[in-house]
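We name chains A, B, ... by the order of the sequence lines, and we start the count at 1 in each one. For the numbers below, each heavy atom of this structure counts, side chains included, while hydrogens, waters and symmetry mates do not.
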Amino acid sequence: MVSLFGCFLSPPETYSMRLSRYFLPILRDNPKEAEIVSHRLMLRAGMVRQEAAGIYAWLPMGLRVLDKINRIIREEQNRSGAVELLMPTIQSADLWRESGRYEAYGKEMLRITDRHDREMLFGPTNEEMITEIFRASVKSYKDLPLNLYHIQWKFRDEVRPRFGVMRGREFLMKDAYSFDLDQAGAVHSYNRMFAAYLRTFARLGLTAIPMRADTGPIGGDLSHEFIILASTGESEVFADKAVLEQTTPPVDIDFDSAEALDKVFKAWTTPYAATSEMHDEKAFAAIPAERQVSARGIEVGHIFYFGTKYSEPMKATVTGPDGRETQVHMGSYGIGSSRLVAALIEASHDEAGIVWPDSVAPFNVSLLNLKIGDAATDETSATLYKALTARGLDVLYDDRDERPGTKFATADLIGSPWQVLVGPKSLAEGKVEVKRRKTGERTLCSVEDAVLMLTA
RNA sequence: CGGGGCUUAGCGCAGUCUGGUAGCGCAUCUGCUUUGGGAGCAGAGGGUCGCAAGUUCAAAUCUUGCAGCCCCGACCA
């Protein structure tokens with residue numbers, strides 16, 4: 001019975017590591033190709049390695065962050081009622097001919113031929129494929145609304161990839177697709193994602209501003225970009241400070257209540273907010289000067305309602321309550337999860353390195369044994385490593401035979417939210433030191449208090 | 001897609017103009033001394049100089065071609 005229970009109730013998952021056994025190729029100097037701070041820090045902290053222009057290998061430290069971001073995205077997508085699946089990266093050209101986008105998409109699409117000379121492509125997005133999956137199985141209005149999403153690698157053959165994973169050619173994206181019987185239903189679905197996105201970015205420790213956006217080549221009627229503020233951002237943004245003061249939808253918001261979601265949508269979209277393409281000088285000038293925010297931002301999410309743009313040419317219909325075939329109304333919703341890794345660093349770093357928010361830090365705690373081989377520091381470090389790990393924290397134990405200065409520099413660079421310093425000096429008084437990365441604040445305390453402090 | 005630049009050891013660079021046995025710092029390895037903010041000394045290993053062709057007794061260096069990468073501008077999760 002014990003082993004049977006073990007199958008269902010595994011202990012809290014933690015991924016603590018000893019640094020001496022980990023793969024963390026840190027660079028001391030800045031690689032010359034890296035211009036912006038997130039790119040520099042990602043390379044220096046051993047998170048990624050470039051393999052070709054705009055194409056990166058994710059090393060263990062980078063992958064951890066990517067996974068933690070995806071976990072939060074999943075939780076919020078699921079909470080809102082979306083259902084996860086996984087579509088392939090390679091698609092058939094025929095599918096794209098149905099929507100007319102095979103010719104329209106241009107050189108951004110990576111086109112491939114297989115051994116039988118069949119035309120294939122590496123998917124830059126999945127509207128066609130999800131529409132094909134939908135129409136094959138969903139026949140009745142009773143199965144609506146439906147929102148399907150996946151987190152999958154995309155490829156867009158950008159003319160000029162740059163800024164590391166911020167603007168890569170290969171990138172990881174969460175894309176969701178909603179299906180509704182009519183426009184009213186589709187707007188409800190749109191607002192579900194709108195609220196889910198606000199919650200997602202807030203949990204990532206980011207302030208994201210939804211901005212009315214141009215619907216662009218995807219086409220359609222209603223679209224918002226979610227932009228986080230960062231001085232290195234590619235987009236110029238103008239906003240009423242009021243939008244920064246809105247509250248995030250609570251965890252128990254009723255996603256089935258169109259009214260509740262509409263309230264959220266109105267609250268967040270009533271204050272002025274626009275990127276330069278949609279900017280209205282007059283409307284912005286009408287805002288009291290002290291409330292005008294003019295800044296730069298990074299686009300981390302984009303949502304669209306586009307009606308029957310794909311369901312019409314691709315014949316995605318359901319039988320409605322009146323017995324008639326009706327084209328479904330669709331929307332698509334993207335979050336660039338690999339871009340978010342860089343965006344988070346842009347939004348949170350200092351001279352010494354990255355400052356991760358608690359929710360996505362690759363490790364919660366960097367545990368520094370300042371004198372390897374010293375019986376007291378070795379034993380205390382081992383005790384802390386076990387105790388913190390047992391309480392569900394991801395601990396990176398720096399057990400390398402290095403000098404203290406090296407360990408401090410490493411810990412600051414990789415940006416764990418907490419550092420625990422175990423050295424002979426403080427240990428002589430029975431104390432260890434707990435340092436908060438973000439503030440630099442240090443507390444000298446007992447081992448027991450350190451554990452309490454970190455698990456509070 | 002226009003304009004500019006780069007390619008020499010894991011990272012950062014010198015050497016190229018004026019051809020003559022490939023060097024520096026950091027990193028790595030060994031030993032000793034060190035140990036609370038990227039240590040010191042001594043020693044060691046590591047490079048088909050982006051690729052190809054040419055000129056030459058001799059090419060990292062000169063010539064030609066190709067490739068990869070980066071930056072600045074117009075487009076995008």
(message) Check for me whether A:Arg436 meets the cation-pi criterion with A:Trp418, that is, NZ or CZ under 6.0 Å from the six-membered ring centre and within 45 degrees of the ring axis.
(response) yes
(message) Holding to side chain to side chain donor-acceptor pair (under 3.5 Å), I want the full list of residues that pass it with A:Asp262, two or more places apart in sequence or in another chain.
(response) A:Lys266
(message) Rounding to an integer number of angstrom, what distance separates B:U35 and B:C51 when you compare their C1' atoms?
(response) 48 Å
(request) Pick the P atom in B:G40 and in B:G54, then give their distance to the nearest Å. (result) 49 Å
(request) Among A:Trp268, A:Tyr333, A:Phe226, find the residue that satisfies the ring pair (Phe, Tyr, Trp, His ring centres under 6.0 Å) test when tested with A:Phe194. (result) A:Phe226
(message) Is there, by distance only and without an angle test, a donor paired with an acceptor across the side chain of A:Asn30 and the base of B:G12 below 3.5 Å?
(response) no
(request) Could you let me know what B:A14 is paired to, Watson-Crick or G-U wobble, both distances under 3.5 Å, or none if it's on its own? (result) none
(request) Could you check which of B:A77, B:G12, B:G38 has an atom nearest any side-chain atom of A:Asp29? (result) B:G12
(message) Pairing check on B:C6: which nucleotide meets the Watson-Crick or G-U wobble criteria with it, both distances under 3.5 Å?
(response) B:G68
(message) Under 3.5 Å for both donor-acceptor distances, Watson-Crick or wobble: does B:G54 have a partner, and if so which one?
(response) B:C62
(message) Looking at A:Arg44 and B:G10, is any side-chain donor or acceptor paired with a base atom of the opposite kind under 3.5 Å?
(response) no
(message) Does the protein touch nucleotides 69-75 of chain B at the base, only the backbone, or not at all? Give it as B, S and - per nucleotide, heavy atoms under 4.0 Å.
(response) SSBBBBB
(message) Does either side chain, that of A:Arg437 or that of A:Ser366, offer a donor lying less than 3.5 Å from an acceptor on the other one?
(response) no
(message) Ignoring hydrogens and geometry beyond distance, is the side chain of A:Glu402 in donor-acceptor contact with the base of B:G38 at under 3.5 Å?
(response) no
(request) Considering only atom P, compute the distance from B:A74 to B:C69 and round it to an integer number of Å. (result) 23 Å
(request) Measure from CE on A:Met211 to C1' on B:A77 and round the result to the nearest Å. (result) 16 Å
(message) When the C1' atoms of B:C13 and B:C49 are compared, how many Å lie between them, rounded to an integer?
(response) 14 Å
(message) Mind checking if A:Gly106 touches a base, just sugar-phosphate, or nothing, with heavy atoms under 4.0 Å?
(response) nothing
(request) Could you say whether A:Arg156 or A:Leu421 is positioned toward the 5' end of RNA chain B, judged by the nucleotide with the nearest heavy atom to each? (result) A:Leu421
(message) Measuring only the P atom in each nucleotide, how far is B:A27 from B:U21? A whole number of Å is fine.
(response) 30 Å
(request) Quick one: label A:Lys107 by what it contacts on the DNA or RNA (base, sugar-phosphate, nothing), any heavy atom closer than 4.0 Å. (result) sugar-phosphate
(request) Please measure how far the P atom in B:G43 lies from the corresponding atom in B:U48, and state the result in whole Å. (result) 26 Å
(message) If I pick the C1' atom on B:U63 and the same atom on B:G25, what distance separates them, to the nearest angstrom?
(response) 34 Å
(message) Is A:Arg28 close enough to B:G38 that one of its side-chain N or O atoms is under 4.0 Å from OP1 or OP2 there?
(response) no
(request) Pick base, sugar-phosphate or nothing for A:Ser426, based on heavy-atom distances below 4.0 Å to the nucleic acid. (result) base
(message) Does the structure show a Watson-Crick or G-U wobble partner for B:A77, both distances under 3.5 Å? Name it, or say none.
(response) none
(request) Starting at atom CG of A:Asp412, determine the distance to atom P of B:G38, rounded to an integer number of angstrom. (result) 12 Å
(message) Distance check, P atoms only: B:G23 and B:U55, in whole angstrom units.
(response) 29 Å
(message) Could you tell me the Watson-Crick or G-U partner of B:A22, where both distances fall under 3.5 Å? Say none if there is no partner.
(response) none
(request) Could you tell me if the ring centre of A:Phe238 sits under 6.0 Å from that of A:His279? (result) yes
(request) Figure out the CG/P separation between A:Leu59 and B:C11, and round it to whole Å. (result) 13 Å
(request) Answer yes or no: is there a donor N or O on one side and an acceptor on the other, between the side chain of A:Arg111 and the main chain of A:Leu121, under 3.5 Å? (result) no
(request) Identify whether NZ of Lys or CZ of Arg in A:Arg64 sits under 6.0 Å from the centre of the six-membered ring of A:Tyr15 and within 45° of that ring's axis. (result) no
(request) Using Watson-Crick or G-U wobble geometry with both distances below 3.5 Å, tell me the partner of B:G38, or none. (result) none
(message) Assuming nearest nucleotide by heavy-atom distance, tell me which of A:Ser338 and A:Leu370 is located more 5' along RNA chain B.
(response) A:Leu370
(request) Would you mind checking if A:Asp280 and A:Lys282 are paired as a salt bridge, meaning a charged N to carboxylate O distance below 4.0 Å? (result) no
(message) Need the pair for B:C29. Rule: Watson-Crick or G-U wobble, both distances under 3.5 Å, any strand; none if unpaired.
(response) B:G43
(message) On the side chain of A:Lys431, is there an atom forming a donor-acceptor pair with the base of B:G36 - under 3.5 Å, no angle test?
(response) no
(message) I need the CG-P distance between A:Asn369 and B:G37, as an integer number of Å.
(response) 16 Å
(request) Mind calculating the distance between CD1 (A:Ile228) and P (B:A77) to the nearest angstrom? (result) 15 Å
(request) Could you name each residue pair satisfying salt bridge (Lys or Arg N to Asp or Glu O under 4.0 Å) that touches residues 168-177 of chain A, not counting sequence neighbours? (result) A:Lys154-A:Asp175, A:Asp157-A:Arg169
